[in-house]
Protein chains: 2
Amino acid sequence: MNQVEIAEKLSAKGMRVTPQRIAILGAILKLNNHPTAENIIEYIKINHPNISIGTVYKVLDSFVENHLLKKVKTEGGIMRYDPLPFNHHHLYCEETDRIEDYEDQTLDELIIDYFEKKGIKNFTIQNIQLHITGKFKH
Amino acid sequence: MNQVEIAEKLSAKGMRVTPQRIAILGAILKLNNHPTAENIIEYIKINHPNISIGTVYKVLDSFVENHLLKKVKTEGGIMRYDPLPFNHHHLYCEETDRIEDYEDQTLDELIIDYFEKKGIKNFTIQNIQLHITGKFKH
DNA sequence: TACTAAATGAGAATGATTCTCTTCTAAGAC
DNA sequence: GTCTTAGAAGAGAATCATTCTCATTTAGTA
């Protein structure tokens with residue numbers, strides 16, 4: 001996704017298009033590894049040494065608010081970010097701290113069907129996400 | 001679970017039985033809401049005002065290492081803890097920050113069967129956990 | 001081109017967690 | 001029951017991740 005496309009995404013969300021925001025969203029898409037704020041800061045420092053840490057945190061928050069990003073569920077401590085807007089699942093490797101997206105429409109349908117029939121007492125489901133832990137083979 | 005049972009659990013894991021450890025694990029079981037370290041500290045301060053914050057963090061870490069607790073997957077920032085040792089799923093209410101355990105053996109079998117047949121390319125599955133977000137009705 | 005509300009930069013502040021060093025104690029040996 | 005000691009705890013400093021504050025800059029509209 002190039003800068004023009006990113007700018008369009010921002011506009012579409014009613015957000016001002018600033019070089020910092022383009023850089024930050026671009027970094028996340030390029031890194032493509034559910035990065036932490038620190039990963040993102042390190043990455044953009046190369047081409048944008050003047051973007052401040054506070055700005056990165058504020059921009060990330062505004063992206064989450066505007067549904068351009070989602071925070072990844074991890075075991076706490078440090079936030080990680082996910083640019084994929086549509087629902088998907090995650091593969092976690094605890095050894096390497098690597099998180100990969102996992103999409104499986106057949107399984108989605110299976111689970112959605114199951115809960116349409118069964119439901120959960122006293123609970124209205126809004127989203128279902130699988131977190132699969134294990135090991136990557138490479 | 002009373003103090004004797006907690007002590008037995010600690011012994012069974014080869015851990016020294018100390019009043020602090022009994023108090024901390026007891027608090028988590030009593031709170032029964034995937035508490036943060038701060039929640040736990042506040043709770044045990046009532047009956048154990050001298051247990052230090054550093055101790056609580058160290059004890060929590062040792063419980064995780066010894067499989068007495070698991071860290072809950074959340075969207076980062078603050079760690080929460082889960083005393084249930086066997087696999088289960090979680091219901092998340094983002095409005096209230098409430099997390100409830102969800103067990104569904106039928107669904108477990110369905111998903112395990114599915115992955116036994118299908119598998120995931122380049123990935124060895126170790127555990128599958130559902131994270132269901134939505135709203136509690138009370 | 002001018003204007004201004006929104007965004008950014010920079011660094012201080014905050015909160016959550018980890019670290020360090022001294023003191024205490026659980027549990028094993030006798 | 002006493003002694004010993006490795007492991008645990010207490011206390012507070014240190015670190016880290018994130019948030020806050022205020023002055024300055026700027027995107028986008030008129």
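Small disclaimer: the values here were computed from a predicted structure and weren't measured. Numbers restart at 1 for each chain; the letters A, B, ... are given by sequence-line order, proteins then strands.
Atom pair Tyr57(A):OH and dA13(C):P shows a separation of 19 Å (rounding to whole Å applied). Computed from coordinates, the Ile41(B) CD1 to dG15(C) P distance equals 14 Å when rounded to whole Å. Between Ile22(A) atom CD1 and dA7(C) atom P there is a gap of 14 Å when expressed in whole angstrom units. One can place CD1 of Ile78(B) at 6 Å from P of dT17(C), the figure rounded to the nearest angstrom. If you measure from atom NZ of Lys13(A) to atom P of dA7(C), you get 16 Å, rounded to the nearest angstrom. What separates OH of Tyr81(B) from C1' of dA16(C) is a distance of 10 Å, to the nearest Å. Separating the CZ atom of Arg21(A) from the C1' atom of dG9(C) is a distance of 15 Å, rounded to the nearest angstrom.
Annotation: the terminal axes of the helix from dT1(C)-dA30(D) to dC30(C)-dG1(D) meet at 40°, where each axis is the rotation carrying the C1' atoms of four end pairs onto the next four (5 pairs per end, rounded to 10°).
Applying the salt bridge (charged side-chain N to carboxylate O under 4.0 Å, His left out) criterion to Asp108(B), with sequence neighbours excluded, gives no partner residue. Partners of Arg98(A) by salt bridge (charged side-chain N to carboxylate O under 4.0 Å, His left out), not counting sequence neighbours, listed by chain and number: Glu100(A). With sequence neighbours excluded, no residue satisfies salt bridge (charged side-chain N to carboxylate O under 4.0 Å, His left out) with Arg21(A). Take Asn50(A) and apply the side-chain contact (heavy atoms from CB on, under 4.5 Å) test, not counting sequence neighbours, and it matches no residue.
The salt bridge (Lys or Arg N to Asp or Glu O under 4.0 Å) analysis of residues 1-19 of chain A, with sequence neighbours excluded, yields no pairs. Residue pairs meeting the salt bridge (Lys or Arg N to Asp or Glu O under 4.0 Å) criterion with at least one member in residues 42-61 of chain B, sequence neighbours excluded, do not occur. For residues 22-40 of chain A, the set of pairs meeting the salt bridge (Lys or Arg N to Asp or Glu O under 4.0 Å) definition, not counting sequence neighbours, is empty. Listed by first and then second residue, the salt bridge (Lys or Arg N to Asp or Glu O under 4.0 Å) pairs that reach into residues 128-138 of chain A are Glu95(A)-Lys135(A), sequence neighbours excluded.
Counting only heavy atoms from C-beta outward, the side chains of Leu84(A) and Glu103(A) approach each other to under 4.5 Å. Leu31(A) is not listed as a side-chain neighbour of Tyr81(A), based on a closest heavy-atom distance of 4.5 Å or more. A heavy-atom distance below 4.5 Å is not found between the side chains of His48(A) and Pro19(A).
Classified by interplanar angle (parallel below 30°, tilted 30° to 60°, perpendicular above 60°), the ring pair His90(A)/His34(A) is perpendicular.
For DNA chain C, the neighbouring residues in residues 26-38 of chain B, judged by any heavy atom under 4.0 Å, are Ala37(B), Glu38(B).
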Q: For nucleotides 20-30 of chain C, just jot down a letter per nucleotide in 5' to 3' order: B, S or -, based on protein non-hydrogen atoms under 4.0 Å.
A: B-----BS---

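Around CD of Gln3(A), the count of heavy atoms belonging to other residues, nucleotides or ligands within 6.0 Å does not exceed 12.
Along DNA chain D, the stretch of nucleotides lying under 4.0 Å from any heavy atom of chain A spans, 5' to 3', dA17(D) to dG28(D).
The phosphate of dT8(C) (OP1 or OP2) has no side-chain N or O of Thr55(A) nearer than 4.0 angstrom.
Between Ile51(A) and Gly54(B), the residue anchored closer to the 5' end of DNA chain C is Ile51(A), taking for each the nucleotide with the nearest heavy atom. If Asn50(B) and Gly77(B) are placed on DNA chain D by their nearest nucleotide, the residue sitting closer to the 5' end is Asn50(B).
Side chain of Arg80(A) to backbone of Asn33(A): a donor-acceptor contact under 3.5 angstrom is found.
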